[in-house]
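Atoms considered below: every heavy atom in the structure, side chains included; atoms not considered: hydrogens, waters and symmetry mates. Letters go in sequence order (proteins before strands), and every chain restarts at 1.
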There are 2 protein chains.
Amino acid sequence: MARPRKFSRDRLQEAALAIVDEQGASALSMRVLAARLGAGPMTLYGHVASREELDVLVVEAVLSQASWSREPHADWRQEVREIALASWRAVRAHPHAIPLILTRRTRSPAALEAGEALLAALARGGLGGRRLLHAFRAITAFVTGFAQAELAGPLAANAGQTAAETIERVRALGDERFAQLVALADQAATSDPESEFLGGLDILIAGMAAFAEVDRR
Amino acid sequence: MARPRKFSRDRLQEAALAIVDEQGASALSMRVLAARLGAGPMTLYGHVASREELDVLVVEAVLSQASWSREPHADWRQEVREIALASWRAVRAHPHAIPLILTRRTRSPAALEAGEALLAALARGGLGGRRLLHAFRAITAFVTGFAQAELAGPLAANAGQTAAETIERVRALGDERFAQLVALADQAATSDPESEFLGGLDILIAGMAAFAEVDRR
DNA sequence: ACCTGAACACCGTTCAAGT
DNA sequence: ACCTGAACACCGTTCAAGT
């Protein structure tokens with residue numbers, strides 16, 4: 001880790017994300033990135049301490065792209081929806097980066113800002129103490145878990161297709177044992193990721209609102 | 001992929017999981033696994049088509065260890081809790097395998113069984129159609145996302161410690177901007193993962209119960 | 001039929017040398 | 001002070017040969 005010259009750290013970060021977007025997470029290597037920047041492999045160690053840091057930079061780049069209206073909304077529910085949706089959309093915009101995001105704990109400023117805003121909205125909804133902790137953990141887990149479900153294919157524009165395949169696989173295992181899953185696959189065939197995300201989120205919000213009311217008494 | 005002899009596929013799967021448990025996910029390689037089985041690296045291709053399949057076997061091994069009481073429970077809420085908790089506990093029992101679990105979509109029999117049981121419980125709770133789809137996706141996302149949060153350290157027996165570190169890091173960024181996060185870290189310092197898991201799950205269940213009632217009318 | 005060593009094209013990183 | 005090629009110890013997999 002010395003002082004750089006040939007290219008900036010930002011340029012390195014940008015190039016790393018570009019490689020992941022274009023060729024997938026496994027295509028990112030010190031040698032490939034260096035070549036893209038027109039440098040020898042060892043030059044990267046002027047900006048970065050190890051290979052691992054490349055992945056961290058990519059994750060930061062993706063999460064920093066989450067954007068939502070910063071001013072407090074009249075309805076705390078709507079604000080929670082907007083913040084969660086903004087994070088999820090940022091992740092979905094870079095499907096090849098999802099494995100990297102999932103395998104790291106992020107403490108980047110962008111992630112902290114989203115957390116702080118989410119907590120503020122929940123607090124205005126009447127949650128506090130243990131309940132606030134549980135609500136916060138539940139929403140962040142939900143967003144992360146939904147991103148994980150995206151792993152199969154990059155952005156299933158053909159949600160019907162994918163669901164159809166799932167139906168087939170499940171049917172092959174015998175209708176009897178997995179009857180519920182087969183029925184669910186039919187339901188999913190006419191659905192789409194974003195409405196499922198919002199539908200699931202509304203279940204969480206309804207639960208939080210119910211507890212907030214109980215706690216208030 | 002030919003017909004095996006020297007050792008069974010089960011033995012290979014067992015050894016792969018052992019390496020991951022003992023030395024971490026990145027220690028698993030064709031060469032290391034083969035050595036552990038007392039064979040040349042190429043011998044593994046008799047049981048497995050590629051390196052990737054090793055990871056799949058490890059994930060299957062972990063998820064197949066989820067166990068819950070199979071007979072339908074009187075209270076559907078309690079049944080949902082038991083199934084979700086069983087999956088989460090199986091994952092937590094193998095912290096080094098978590099990155100592998102997160103970066104793959106699993107369709108192993110064990111995972112399908114858990115899904116089917118979960119759906120059956122939710123259906124008995126009065127959920128159907130779109131609402132059932134959203135509830136199912138929400139719970140599975142929640143469980144996955146909670147497993148992701150475990151990535152930091154293997155099973156934080158020292159939950160207080162970890163939380164204290166987080167407080168420090170957040171404080172270093174300035175109390176003003178991240179006041180809510182600092183307060184949350186204090187709250188988390190006296191909490192533990194399992195009660196947070198159950199607390200978050202209860203928010204989801206409360207939301208589902210509320211919607212089930214609305215839908216019934 | 002089953003197993004495997006040598007070889008190939010990669011990888012991250014150390015080290016010593018170039019400017 | 002900054003950059004980098006050669007070298008080392010790895011990796012997954014092809015291929016041809018061993019029994």
Heavy-atom check, side chain of [X] versus side chain of [Y], under 4.5 Å:
| X | Y | result |
| --- | --- | --- |
| B/I205 | B/R81 | yes |
| B/L102 | B/I98 | yes |
| A/Q180 | B/L122 | no |
| B/S29 | B/V32 | yes |

With respect to the side chain of B/R51, which nucleotide from D/dT13, D/dC3, C/dG12 is positioned closest?
-> D/dT13

Just by distance, no angles: are the side chains of [X] and [Y] close enough, under 3.5 Å, to form a donor-acceptor pair?
| X | Y | result |
| --- | --- | --- |
| A/E196 | A/S191 | yes |
| B/R92 | B/S87 | no |
| B/Q65 | B/H94 | yes |

Nearest-angstrom distance from the residue atom [atom1] of [X] to [atom2] of [N]:
| X | N | atom1 | atom2 | answer |
| --- | --- | --- | --- | --- |
| B/L44 | D/dG12 | CG | P | 10 Å |
| B/L37 | C/dC3 | CG | P | 12 Å |
| B/F7 | C/dC3 | CZ | C1' | 10 Å |

Given that both distances must come in under 3.5 Å, which nucleotide forms a Watson-Crick or G-U wobble pair with C/dG12?
-> D/dC8

For C/dT19, which nucleotide is its Watson-Crick or G-U wobble mate, given both distances must be under 3.5 Å?
-> D/dA1

Where protein sits on nucleotides 14-19 of chain D, one letter per nucleotide: B base, S sugar-phosphate only, - none, heavy atoms under 4.0 Å | B-----

Take A/R9 and A/E53 through the salt bridge (Lys or Arg N to Asp or Glu O under 4.0 Å) test and state the conclusion after the steps.
-> CA-CA 12 Å; A/R9 194 179 154 98; A/E53 214 171 311; 3.5 Å; yes

Enumerate the residues from residues 26-35 of chain A whose closest heavy atom to DNA chain C is under 4.0 Å, giving them by residue number; use none for an empty result.
-> A/S29, A/M30, A/R31, A/V32

